[in-house]
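To start, the structure itself, in structure tokens.
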Amino acid sequence: MLRIFNTENSRTRQTENPVAGCWVSLTDPSDSELAGIADSCSVDLADLRAPLDDEERSRIDVEDDYTMIIVDIPAVEERDGRDRYETIPLSIILTSDAIITVCSRDTSLLRPFMEGSVRGFNTFMKSRFVLQILYRNATEYLRYLRIIDKETDKLELRLRDSMQNREIVHLMELNKALVYFTTSLKSNEIVLERLTSIGRIRRYSDDEDLLDDVIVENKQAIEMASIYQSVLQGMTDAFASIVSNNVNNVMRIFTVISIVLDVPTLIFSMYGMNFQDGGMLGMPLTGSRWGFILIVVASMVLSGVVGWFLTRSKSFR
């Protein structure tokens with residue numbers, strides 16, 4: 001999708017054709033859209049296609065007519081009824097007349113700029129626009145990290161009595177997302193460090209403070225992601241043991257029940273066998289009128305004694 005925005009009288013509006021100082025937004029663009037922008041803005045087609053590869057690394061490329069900045073941004077995708085967190089590349093290309101963003105998906109990171117809800121945003125102030133994107137990117141990471149932390153708390157409550165692996169698998173997915181976040185944030189940090197030394201990008205009076213804010217937010221996101229990752233890894237190991245222990249407790253109960261039920265089964269099996277030619281002659285209580293009831297009561301009492309002993313035994317606790 002190709003969209004062009006331009007700021008006029010402090011208002012951002014979408015236009016049909018590119019003009020000086022505009023913002024060209026490419027979201028999952030077609031080949032024809034890429035070719036058209038490459039021709040009109042004098043940008044290498046390969047550079048426009050670079051962020052469409054999910055494995056593209058964060059970097060800054062300084063060419064003769066433009067500067068390309070690629071950073072990783074957080075993204076969420078719903079699969080199997082559950083949100084999956086990952087990172088995707090976003091390219092920001094600065095030319096003499098325009099700023100171009102290229103991304104493989106429609107992201108919430110750029111939506112506020114399109115809606116004109118970002119304070120102090122102007123399409124023609126390219127360096128500030130880049131820093132505003134990077135600042136919002138760092139805050140997006142922090143927002144997703146807080147969401148992951150809340151999901152972890154909910155899983156913790158469910159895992160205490162769980163006997164299935166579904167919750168542990170979910171924890172592993174969140175841990176995987178934190179690994180992606182940490183790696184991407186560290187790559188973005190390298191980009192920010194190099195951004196401070198590029199003289200081609202013109203900076204406005206307030207840009208230095210904004211750049212410092214971006215670096216601080218990015219470092220905070222790295223620290224939070226590292227802490228959450230360590231906590232989540234420990235929780236995954238601990239709850240794997242809890243699930244295994246819960247299963248063992250259930251098996252212990254079934255074992256006790258099985259042994260208790262074996263006691264009357266053994267007694268009645270003995271009375272059903274022929275020990276002598278005369279059948280059950282010689283077996284206790286076989287000649288009594290109340291023999292059957294007494295045998296049932298005796299087997300129940302004996303089963304109760306065995307059950308009490310097993311539940312008190314340390315080996316079954």
Side-chain angles (χ1 to χ4, degrees), residues 1-27 37 41 43 51 58 60 62 66-75 88-103 105-146 184-185 188-222 224:
M1 180 185 298
L2 170 62
R3 287 171 288 186
I4 302 173
F5 299 89
N6 189 38
T7 301
E8 295 179 359
N9 299 324
S10 300
R11 291 187 177 181
T12 303
R13 298 178 179 177
Q14 187 171 351
T15 61
E16 295 294 332
N17 300 312
V19 294
C22 69
W23 166 32
V24 179
S25 174
L26 291 168
T27 304
I37 295 300
C41 298
V43 178
S58 300
I60 296 180
V62 179
Y66 59 89
T67 302
M68 182 177 68
I69 304 171
I70 297 181
V71 293
D72 286 331
I73 64 174
I88 57 175
L90 170 69
S91 174
I92 308 171
I93 301 176
L94 288 79
T95 67
S96 58
D97 295 327
I99 184 169
I100 306 169
T101 59
V102 187
C103 190
R105 303 181 199 171
D106 187 17
T107 171
S108 60
L109 176 66
L110 300 178
R111 202 168 297 130
F113 296 100
M114 298 177 182
E115 297 171 353
S117 59
V118 178
R119 183 179 177 182
F121 167 61
N122 292 285
T123 57
F124 56 84
M125 302 177 70
K126 292 180 287 186
S127 64
R128 182 170 299 177
F129 185 17
V130 171
L131 294 177
Q132 287 173 328
I133 292 176
L134 296 177
Y135 182 81
R136 287 194 61 85
N137 187 37
T139 57
E140 283 284 287
Y141 273 108
L142 292 172
R143 183 172 70 88
Y144 281 120
L145 286 170
R146 285 190 286 268
S184 297
L185 284 166
N188 291 349
E189 185 179 29
I190 297 175
V191 171
L192 292 175
E193 291 175 355
R194 190 180 175 196
L195 194 63
T196 59
S197 61
I198 295 180
R200 175 185 290 189
I201 300 177
R202 175 192 170 189
R203 294 189 178 90
Y204 295 90
S205 57
D206 297 334
D207 286 356
E208 293 299 331
D209 292 337
L210 183 56
L211 179 58
D212 291 339
D213 291 340
V214 173
I215 295 175
V216 170
E217 289 291 312
N218 195 79
K219 287 183 179 295
Q220 183 180 357
I222 292 175
M224 286 184 63

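The structure presented is a predicted model; accordingly, all values stated were derived computationally and were not measured. One-based numbering along the sequence shown. Both backbone and side-chain heavy atoms feed into the values below; hydrogens, waters and symmetry mates do not.
No donor-acceptor distance shorter than 3.5 angstrom exists from the side chain of T27 to the backbone of R105, with no hydrogens or angles considered. Under a 3.5 Å cut-off, the side chain of K219 and the backbone N or O of E189 do not form any donor-acceptor pair. Side chain of N6 to main chain of Q14: no donor-acceptor pair is present (N/O by atom type, distance under 3.5 Å, no hydrogens or angles). The closest donor-acceptor contact from the side chain of T123 to the backbone of G21 lies under 3.5 Å. Judged purely by atom type and a 3.5 angstrom limit, R194 uses its side chain to pair as donor or acceptor with the backbone of I60.
The minimum heavy-atom distance linking R136 with P112 is given by the pair NH2-CG, 3.3 Å. Across C103 and P89, no two heavy atoms sit closer than the pair SG-O, 3.7 Å. Annotation for Y66 and T95: closest pair CB-CG2, 3.8 Å, computed over non-hydrogen atoms. Nearest heavy-atom pair across L90 and L110 is CD1-CD1, 4.2 Å. Of all heavy-atom pairs spanning K126 and S96, the tightest one is NZ-O, 3.3 Å. Nearest heavy-atom pair, Q132 versus G120, reported as atom, atom and distance to 0.1 Å: NE2-O, 3.4 Å.
Counting heavy atoms from C-beta outward, N137 and P74 have side chains that approach closer than 4.5 Å. At a threshold of 4.5 Å between non-hydrogen side-chain atoms, the residues M224 and L142 count as touching. Residues L134 and L195 form a side-chain contact, since some pair of their non-hydrogen atoms from C-beta on lies under 4.5 Å apart.
In this structure, CZ on F129 lies 9.5 Å from CG on L94, to the nearest 0.5 angstrom. For the atom pair C22 SG and I4 CD1, the distance stands at 6.0 Å (nearest 0.5 Å). A distance of 8.0 Å separates OH in Y135 from CG in L210, rounded to the nearest 0.5 Å. If you take CD1 on I133 and OG1 on T101, they are separated by 6.0 Å, rounding to the nearest 0.5 Å. The distance from atom OG1 of T107 to atom CD1 of I88, rounded to the nearest 0.5 Å, is 6.0 Å. Once rounded to the nearest 0.5 Å, the distance linking CZ of R3 with CG of L26 reads 9.5 Å.
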Item to complete: Under the side chain to side chain contact (heavy atoms under 4.5 Å, CB included) rule, what do V43 and I37 come out as? Steps first, then yes or no, please.
Response: CA-CA 7 Å; V43 178; I37 295 300; 5.8 Å; no
Discussion item. As a quick check of understanding, evaluate side chain to side chain contact (heavy atoms under 4.5 Å, CB included) for C41 and I100, giving each step before the final call.
Written reply: CA-CA 9 Å; C41 298; I100 306 169; 3.9 Å; yes
Item to complete: Kindly indicate, with the supporting measurements, whether the criterion side-chain hydrogen bond (donor to acceptor under 3.5 Å, both in side chains) is fulfilled by N188 and S58.
Response: CA-CA 6 Å; N188 291 349; S58 300; 3.2 Å; yes
Practice prompt. Evaluate the criterion side-chain hydrogen bond (donor to acceptor under 3.5 Å, both in side chains) for residue pair T139 and E217; output intermediate values, then yes/no.
Written response: CA-CA 7 Å; T139 57; E217 289 291 312; over 6 Å; no
Practice prompt. Before giving the answer on side chain to side chain contact (heavy atoms under 4.5 Å, CB included), spell out for V130 and I99 the whole-Å C-alpha distance, their side-chain angles and the decisive distance to 0.1 Å.
Written response: CA-CA 9 Å; V130 171; I99 184 169; 3.8 Å; yes
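More than 12 heavy atoms of other residues, nucleotides or ligands sit less than 6.0 Å from atom CZ of R111.
Under the rule for a ring-ring contact (aromatic ring centres under 6.0 Å, His included), the partners of F5 that lie at least two apart in sequence or sit in another chain are W23.
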